[in-house]
Amino acid sequence: MAENAKSGAALGGGNGDPPRKGNNMNGNGNGRSGAGVRFGADVTSGGNKKAIGQRGSSGSLDEEAKLLHQQKNANVVKVTDIGGGDGSGVGSIEDGENGDLHKGQDGIGVSVIDMADGGTQPYKPIKGKKKNMLSASYHRLLTTFEVSKKSERPLISLILIVLLLLIVLILLVIFWPRLPGYLTKEVCLEAECLEASKQILSWARPEINTCQSPFEWACGRFEEKYAGHAFFGVNKGEWNSDAYQDYEDTEATYDFITKLPSVAMTYSTQSMIKKLHAICTTVETVSNSEAITSLKRMLNHLGGWRMLLGNNNPHWDLRENLQKVQPKYGATPFFKLGVDTRNAPPYDYIITVSEGELGLPSKEFYLMEEKHPVIQAYHTYLRDILVHLVASSTIKSNDYAKMIFNYERRIALDVLSVLKEGGNASQPQIRTMQQLMDEAPSLPILQAAQTMFKKKITEKTQVLVSSPLALKMISQIITTTDKEILNNFVMWSVIRHYVPYMSRLFRLSKLEFDKALYGVQTKQPIWHFCTKIVEQVMPFGLEVLRENPALIVHDRGDQDYPEQHPHPMVVADPYQSSLLVRDDRVRYDEELVKMMFYHIRDEYKSAIINANWINEKLTKFVADKLSMMRVQIGIPEDLLRSEKQSNDFYNELTLDELMFVETVVQHWTFAKTRMDRMLENVTDSERIISELYPPVPYGARRAPVPKMKYSIALNMLIISKQKVRQPYFHHKFPISVNFARLGSDISLVIHDAINTLTEQFAQTAKDQPKQTLENVFDEEAQECISRIIPHIFHPSKVSNSSKLDLYLELSAGSLLSQAFGTLLDKIDRNERIFESDIPEKSTYEAMGLRHNRRQPGLRKYDEQQLFSLALLQKHCATEDSAVVRYNKLLVSGIPEAEKFHLLWRQIPFLATTLECSSSTSSAIGGTEQNSRCNRVL
């Protein structure tokens, strides 16, 4: 016992003190007293046993070791070597709990917890504990998998490689580029989809930043394509999307004409089209003397031109010759007559009277200085034409040019002055012939109308006057003009009218003038010129054969009527009736057009009802008219069933095979016959033809879109089949492309029709207050467009009609964007558009509208983004010089490139769908508040 006590003193402390209580390794008060040393392994060697025996009995040591092993937080002190081969006692102890390891006198390492004198020793953590734990874990892992020392290094290498690969895999997962959602969409690979993508990509630059450079993004390649185009430098007006489409249509028409067989009867429409085109081509080869002879014959019939030798007639009378100049030759000095629909009940055709034409295409040109290139070119043009007709000295020709220009300038400036001051009095008004004679007594309008039309016309006959104030001013100018100037001006009007159809020498002089006026660089190809002539003279017959190819005669034996009977009434039913050529493609094209029309029409109706800035009575009137509005696509079927209708239509058209200029005179005679027919009671089919193919370009209401017209009398939108053919339209094109192209045309014509209906309301509801009858659209156009128009165009330089056109186009584009979104919603919900002329089998699925496929080369654009791109591309145009640009502004209104930027700012839908901020879209042209029209549908 004494030995044990001595041994305990050696383990627990010094100087006979008992072991301290409450000092376990974990600091939790649960330690045992006297546990100053803990063993981490069993002692088995003989040397170890001998060492333990020196400190106490073996039983006491075994009991203490057992108690130490029962503690779960043990293994702090580990005996690694007790006694050596030399019997030197315990070797080293690896671990301790709360203090540094010290060797006792017997060589056993212990952890000193307290000093012998009762003082305290600060706690010091055991160094390398974590390292030793990892080392122990590593050794246990090697032991578990029985890894030898020889295999240890390859194992470590393998583990490192696996860890490296794992890190690389994690990084790849984190930084691997995500697959865009549009790449998972189905792509349309049909021929029509490929063609639509090709058309869009041929103009666009998708790699350009859309928000920063929208015009470059949508139209970046347009000018480049024009530089390599066959019509480069030929087009008179601005080369834009409409000009490109017109060229494509003309080229297709020329191809159709050249392929027409020449075996049909001479009086048939087919034969006359071929003959007219062939006669036209002789204009390049006709001699100058022959053309001059024809022209002088006309001038002599009008009393003679004083510039010609032997024609100084002192008795030449202006009133007498003004009664003949338009009725006989179609020239329009001082005033011109035409036919249009009355915009009030009974909505019949009525004779129109408007200002005559001047040598320059717009009155604003006469505001320019005489040194301006256009004015100088016009002087040269006048001199050259005089020299071609008369052997004249330079001084005489210069005097003649100055005389004509100064007189035209006087007319233009005086008329502009009265129109500016006239206000509503300068708007179109209904007058009787007697009232017109009283207002403009120097103009023989009644006598000219009686000569021109077969219909009985008296002083009580009503006519539609475009501007009574302008005609009154022109009448006053005539009374103060010398007879010589009047004679020269009237004759110049006739000469100018026929110069484009004269010999090559005259046409070259016209080309030089067009170079200064339009920036033209080279003359128009003869095939293009003559194809345009055919489209102007025989548009109905041409379209009849294109819409129903079964009427084309390929073999003379197919005709069972003899050629010596030119009149169809001689032989009973001599014509072969043909069923219309119909196929699925044509049917679905038409049904898709109808669906688009009715949807856009209904959207306009909702917009009108919701527009709180339109008075209630006007809203009801326009909404009721829109509810009843219909659509007609192409020529009515009853006019396509046989050759008889088209042959009878051109029965009075005569073609002169020797002199093309004489054919132009004959065409004017035919146009007068058509106007006579329009003034009678006509059928709906005849009215559709008259609306779609008017006999003369003037007199009829302005058409905002070529080959598309709103009929006031029928309350119908009439669309030519040329608008629904490739490459412009196909029912298998993406709905976004079709809606942006044809849909925008439909939207613009409907909005223009709403403006017409607003004027109609003012004509039919005169008992209403004045503010109720005002045209809210025209008022907003004049106020808004003057504010938002680009700074490069002074508002005073832009005519009121141009401002109205621009306003209607912006408003129509805004509503069209909304309508496209609602149409996509209807397609998603499979909600049909119910109209009587849309068959039930024409479902969205049947027309391929529910496929939701992306377009090749344009996969990243969804339907709304593709719609925005296609809509913006309708305003692609080439950049012209400042002078040419200004000239085109005066001729045709705001350039398309400026319209592009205005649409980008005015229609937020475009920038929003393309993920551009509103600040970016309104960056050009001032602040957003000042650059937005508020009153738009």
Side-chain angles (χ1 to χ4, degrees), residues 343 347 591-633 704-705 708-719 735 738-740 742-765 768 772-781 804 807-827 829 831-838 842 844 867 871 907 909 933-937:
N343 194 21
Y347 307 114
E591 290 168 7
L592 178 59
V593 174
K594 291 177 183 178
M595 184 201 72
M596 292 166 56
F597 164 77
Y598 286 117
H599 176 71
I600 296 172
R601 182 204 66 177
D602 293 343
E603 288 294 313
Y604 266 106
K605 181 180 175 182
S606 300
I608 288 289
I609 294 174
N610 296 327
N612 55 12
W613 46 277
I614 302 178
N615 70 77
E616 183 177 351
K617 292 185 178 180
L618 176 59
T619 296
K620 185 178 185 307
F621 179 83
V622 175
D624 291 344
K625 285 284 187 175
L626 287 174
S627 298
M628 297 182 290
M629 188 180 292
R630 300 170 293 157
V631 62
Q632 169 66 35
I633 304 169
V705 176
M708 190 178 294
K709 180 74 179 293
Y710 169 69
S711 172
I712 297 174
L714 302 177
N715 192 26
M716 174 187 290
L717 186 67
I718 307 171
I719 305 174
I735 182 62
N738 283 329
F739 210 81
L742 187 63
S744 65
D745 294 337
I746 293 173
S747 179
L748 180 55
V749 175
I750 291 179
H751 205 324
D752 184 71
I754 292 174
N755 182 67
T756 301
L757 292 173
T758 304
E759 297 173 354
Q760 188 178 121
F761 175 74
Q763 294 287 334
T764 57
Q768 300 294 327
T772 304
L773 302 179
E774 293 176 347
N775 189 333
V776 291
F777 301 106
D778 187 60
E779 289 181 357
E780 178 64 17
L804 177 60
Y807 167 79
L808 294 178
E809 194 159 357
L810 293 176
S811 183
S814 178
L815 186 133
L816 182 73
S817 301
Q818 302 173 33
F820 183 64
T822 57
L823 177 62
L824 292 182
D825 292 340
K826 285 185 178 181
I827 294 175
R829 298 192 305 265
E831 179 183 335
R832 291 195 62 227
I833 299 174
F834 293 96
E835 288 294 337
S836 58
D837 54 349
I838 298 181
S842 298
Y844 297 131
F867 164 81
L871 181 62
I907 307 177
F909 172 90
C933 288
N934 298 320
R935 291 182 172 184
V936 293
L937 296 178

Exercise. Taking all atoms of both residues into account, what is the closest heavy-atom pair of Lys826 and Tyr844, and its distance?
Worked result: O-CE1, 3.8 Å
Exercise. Which pair of heavy atoms, one from Thr822 and one from Ala819, lies closest together, and at what distance?
Worked result: OG1-O, 2.8 Å
Exercise. Roughly how far, to the nearest 0.5 Å, is OG1 of Thr758 from CD of Gln760?
Worked result: 9.5 Å
Problem set entry | Glu835 side chain near Arg601 side chain, heavy-atom distance below 4.5 Å | yes
Problem set entry | Chi angles and distances behind the side chain to side chain contact (heavy atoms under 4.5 Å, CB included) call for Glu780, Val776 | CA-CA 6 Å; Glu780 178 64 17; Val776 291; over 6 Å; no
Exercise. Is there a donor-acceptor contact under 3.5 Å from the side chain of Asn343 to the main chain of Thr756?
Worked result: yes
For this session: Ignoring hydrogens and angles, tell me if any N or O in the side chain of Asn715 forms a donor-acceptor pair with the backbone of Lys625 under 3.5 Å.
Result: yes
Problem set entry | Asn775 versus Asn755, side-chain donor and acceptor atoms under 3.5 Å | yes
Exercise. About how many Å separate CD1 of Ile600 and CG of Leu742, when rounded to the nearest 0.5 Å?
Worked result: 8.0 Å
Problem set entry | For the student: nearest non-hydrogen atoms of Ser842 and Ile838, plus distance | CB-CG2, 4.3 Å
Exercise. Is any side-chain heavy atom of Glu603 closer than 4.5 Å to a side-chain heavy atom of Ile750?
Worked result: no
Exercise. Nearest 0.5 Å, what's the CD1-OG distance between Ile907 and Ser811?
Worked result: 9.0 Å
Seminar exercise, completed: Result for side-chain contact (heavy atoms from CB on, under 4.5 Å) between Asn615 and one of Asn612, Thr619, Leu618 points to Leu618
Exercise. Can you say whether the rings of Tyr807 and His751 are parallel (under 30°), tilted (30 to 60°) or perpendicular (over 60°)?
Worked result: perpendicular
Exercise. Taking C-beta and beyond as the side chain, do Val936 and Leu810 meet within less than 4.5 Å on heavy atoms?
Worked result: no
Problem set entry | Minimum side-chain heavy-atom gap Val622-Tyr604 below 4.5 Å | no
Problem set entry | Residue pair Ile746 / Met708, side-chain heavy-atom distance below 4.5 Å | yes
Exercise. Do Phe909 and Gln818 come within less than 4.5 Å of each other through their side chains, counting heavy atoms only?
Worked result: no
Exercise. Between Tyr598 and Val631, is any pair of side-chain heavy atoms under 4.5 Å apart?
Worked result: yes
For this session: Just do the side chain to side chain contact (heavy atoms under 4.5 Å, CB included) check on Ile754 and Leu808 with the steps written out, would you?
Result: CA-CA 10 Å; Ile754 292 174; Leu808 294 178; over 6 Å; no
Exercise. So, Ser747 side chain and Gly743 main chain: donor-acceptor pair closer than 3.5 Å or not?
Worked result: no
Exercise. Rounded to the nearest 0.5 Å, how far does OG of Ser744 lie from CZ of Phe867?
Worked result: 8.0 Å
For this session: Supply the atom-to-atom distance Leu823 CG to Met595 CE, rounded to the nearest 0.5 angstrom.
Result: 5.0 Å
Exercise. Counting distance only, does the side-chain N/O of His599 pair as donor-acceptor with the main-chain N or O of Ile833 below 3.5 Å?
Worked result: no
Exercise. Side chains of Tyr710 and Val705: closer than 4.5 Å at any heavy-atom pair?
Worked result: no
Exercise. Any idea how Phe761 and Phe621 line up, ring-wise: parallel (<30°), tilted (30 to 60°), or perpendicular (>60°)?
Worked result: tilted
For this session: Of all the heavy-atom pairs spanning Ser627 and Lys605, show the shortest one and how long it is.
Result: OG-NZ, 2.6 Å
Seminar exercise, completed: Separation between CG (Leu816) and CZ (Phe739), nearest 0.5 Å, reads 5.0 Å
Problem set entry | Which atom of Met629 lies closest to which atom of Ala753, heavy atoms considered | CE-CB, 4.3 Å
